[in-house]
Amino acid sequence: MLVLGIETSCDETAAALVADGKDILSNIVATQFDLLKKYGGVVPEIAARRHTELIGYTVEEALDKAGKTLDDVEAVAVSSMQGLIGCLMVGVAAAKSISYARGLPLIGVHHVEGHIFANRLSNPDLPFPHVCLTVSGGHTLLLYVKEESSYELLGTTLDDAAGEAFDKTAKFLGILYADRNTGGGRAIDELSRKGDRLAFNFPRPMLRNKTYDFSFSGLKTSVINMFKDRIAAGKKLPLADIAASFQEAVVDVLVVKTLRAADEYGMKAVSVTGGVSANSRLRSAFEDACAAKGVAVYFPSLSLCTDNAAMIAAAGHARLMRGEVSGLRLNVVPNSPLEGLDERDIN
Amino acid sequence: MIVLGIDTSGYTNAVGIVDGDKVLADFAYEAKTDSLQRIVADIDATLKEAGLALSDVEGIGVGLGPGSWTGIRVGVTVGKMLAFASGKPVCGVPTLEVLAFTARDGSRPICSIIKVGAGDAVYAACYHPEGDFLDRIGDYYVGDVKGLTGMLTGSTVLAGKDVKEYARVIRKESGTNVKAVEAAPGGAVVACLAAQRFARGEKDDVLSLTPLYLKESTAKAFVNKYKRGHA
Ligand SMILES: [Zn+2]
């Protein structure tokens, strides 16, 4: 079963071909970096215009790279839930048109479910049930995954997403790369390797809170305040130490809460996905903590951490195998809960 | 040649089918926020009602706007990806030209007007009819209605929605003799104008086809203004 995946929920125009929900034949991501740099972030109208320009080329490139034609494609899966509304609409309009013109089943996919399936693509042996932490610039969710596509929300962020905290802090510290579309997370990750993660003791928000919810905006503020205090006092600004200490605080909260959930639910497996799961310190901290507790931890390969369409094809394939197909009236839902997807959102 | 025409650029969503100069179907309804939800299903229903399948269609015409930015993205993406997936030629048709074609009145020049979102600004363009063809005179216009008077040469037809009000303003402003003709973008007219271009051996590049926004997005306009201010 060859599935064409399409993803345009934020600032990446992406298309991919995935066979049987597991073999990635192509995974094309056209980034909007040149525009992001100019405007210092994602401007929804500009991103949506760019998707409209790039969508055809991206789909064609995905077919070419895989050495396939539309004749070989058997279904079309598209991010239709969670993201910027105008951006989602371009992908859904494209997917619907291809599905209609070729008489192929259409499957609307929740973008975050795509991130969860990215880990299945990288680790086919990922067991169920497990606890899943999915973290990006747009979301921070801790989930109990009973079985494939069955999610119970344990906690989420009350303010900024973890990736958003990385982006904003990197921007404040002025350490974003001028020439690479790596985002704040990567910049902090790389700078942190040269720094002392114990140099500053930033707060660990919500760490002792009994819930599984997160909060990152206060942490970002305390970095900013400390930065300003040091400037006022004429002290040096060891950027690498600040970055490493900030990163350590975020990682600490994510690891401790995830493992507490694994413990409470008696889970022996943890899955970490989303853009922030590419962070090297997050990976090593999870590996150490999980090894100490005898819990297995799984990460997607680096190319599947950030937004891509292979993960959407994989998630769509699973839904299709269960007989869940969307109709030509499929609409976009910018804010949709992952657990207990409403049938109206899928159809 | 059987041509499918669609337009979701603004206050009307439209699907039409023509075969040569015969209109096989022409379906339009007031657009709300459901263009994305409806358009492909509407294309399917319109084809079926005409006793056709998409495989019978030999070319696709799509209204490029200007109009609602979201609306034209939906229409253009559907038009080009239908063409891409079915291997048929596609032709983008400016929605202002569609309005002008609908409101033709002999050899009188036509000025098509589309309101820009909220506020007083309009998109406009002037056309000269040459038989069944339209020649655009001058550039596209974005600005207030009063500013249009400089573009109008003699007795002109104003085409579009709510043009009676625009005609009143223009008569008062410049004394120009204008005639208001209410017109909405129709699918069959989009198809017909695309068919004209196909007949001349023209078509658009499927992958690079993009909407006719005529206005930069606010963020971009802001950045440009900022640059100018600090030049
Ligand atoms: Zn994402």
Side-chain angles (χ1 to χ4, degrees), chain A residues 4 6 8 13 15 35 38-61 63 69-71 73 76 78 80 84-104 106 326-333 344 347, chain B residues 4 6 8 33-45 47 53-55 57 60 62 64-65 68-88 90 117 204-213 215-224 226-227:
Chain A
L4 166 66
I6 293 178
T8 62
T13 316
L35 290 163
K38 200 158 150 202
Y39 300 112
V42 180
V43 178
E45 172 63 21
I46 291 171
R49 288 185 179 196
R50 194 76 169 154
H51 286 310
T52 313
E53 281 168 34
L54 294 175
I55 187 69
Y57 293 106
T58 312
V59 170
E60 187 175 72
E61 182 73 6
L63 289 165
T69 70
L70 276 179
D71 289 339
V73 173
V76 184
V78 60
S80 64
L84 300 167
I85 183 164
C87 293
L88 287 166
M89 287 176 91
V90 176
V92 170
K96 261 190 199 190
S97 306
I98 296 170
S99 140
Y100 175 62
R102 307 299 298 202
L104 301 173
L106 172 72
S326 307
L328 284 183
R329 293 179 70 93
L330 175 69
N331 206 359
V332 297
V333 189
R344 277 169 310 183
N347 289 325
Chain B
L4 167 73
I6 59 174
T8 60
T33 52
D34 55 359
S35 300
L36 172 68
Q37 218 179 342
R38 291 193 58 169
I39 187 64
V40 178
D42 287 342
I43 291 170
D44 185 47
L47 281 166
L54 186 64
S55 54
V57 170
I60 295 169
V62 55
L64 292 179
S68 144
W69 292 344
T70 302
I72 52 188
R73 266 196 290 278
V74 168
V76 170
T77 304
V78 167
K80 80 170 174 183
M81 294 315 282
L82 274 182
F84 172 80
S86 61
K88 299 179 197 302
V90 69
D204 282 315
D205 176 57
V206 176
L207 298 183
S208 63
L209 187 66
T210 44
L212 187 63
Y213 294 103
K215 248 175 90 96
E216 294 179 340
S217 89
T218 331
K220 200 164 175 184
F222 175 78
V223 169
N224 289 346
Y226 180 85
K227 272 192 197 143

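Just so we're clear, the structure is a prediction, and the values are computed from it rather than from any experiment. Quick note: numbers below take in every heavy atom, side chains included, and nothing from hydrogens, waters or symmetry partners. Each chain gets a letter, A, B and so on, in the order its sequence line appears, and its residues count up from 1.
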Among Ser86(B), Pro211(B), Ala41(B), who wins on heavy-atom pairs under 4.5 Å with chain A? Ala41(B)
Leading residue by heavy atom contact count with chain A [cutoff under 4.5 Å; candidates Val40(B), Thr210(B), Leu209(B)]: Val40(B)
With a 3.5 Å cut-off and sequence neighbours excluded, list the donor-acceptor pairs that the side chains of residues 84-91 of chain A form with protein atoms.
none

Minimum-distance pair of heavy atoms, taken over all atoms of [X] and [Y]:
X        : Y         : value
Val78(B) : Ser97(A)  : CA-OG, 3.3 Å
Tyr57(A) : Asp205(B) : OH-OD2, 3.8 Å
Arg49(A) : Lys215(B) : NH2-O, 3.0 Å

The test is salt bridge (charged side-chain N to carboxylate O under 4.0 Å, His left out); show your working for Glu45(A) and Arg73(B) and say whether it passes. CA-CA 11 Å; Glu45(A) 172 63 21; Arg73(B) 266 196 290 278; 2.8 Å; yes
State the CZ-CG distance between Arg102(A) and Leu54(B), to the nearest 0.5 angstrom. 10.5 Å
Value for NZ (Lys96(A)) from CG (Leu36(B)), rounded to nearest 0.5 Å, stands at 4.5 Å
Name the region of Leu47(B), side chain, backbone, both or neither, that has any atom closer than 4.5 Å to a heavy atom of chain A. side chain
Can you tell me which portion of Asp44(B) sits under 4.5 Å from chain A's heavy atoms? Options are side chain, backbone, both or neither. both
Kindly indicate whether the side chain of [X], heavy atoms from C-beta on, has any atom under 4.5 Å from the side chain of [Y].
X        : Y         : value
Met81(B) : Val59(A)  : yes
Ile55(A) : Lys80(B)  : yes
Thr52(A) : Tyr213(B) : yes

Side chain, backbone, both or neither: which part of Leu70(A) has an atom under 4.5 Å from a heavy atom of chain B? side chain
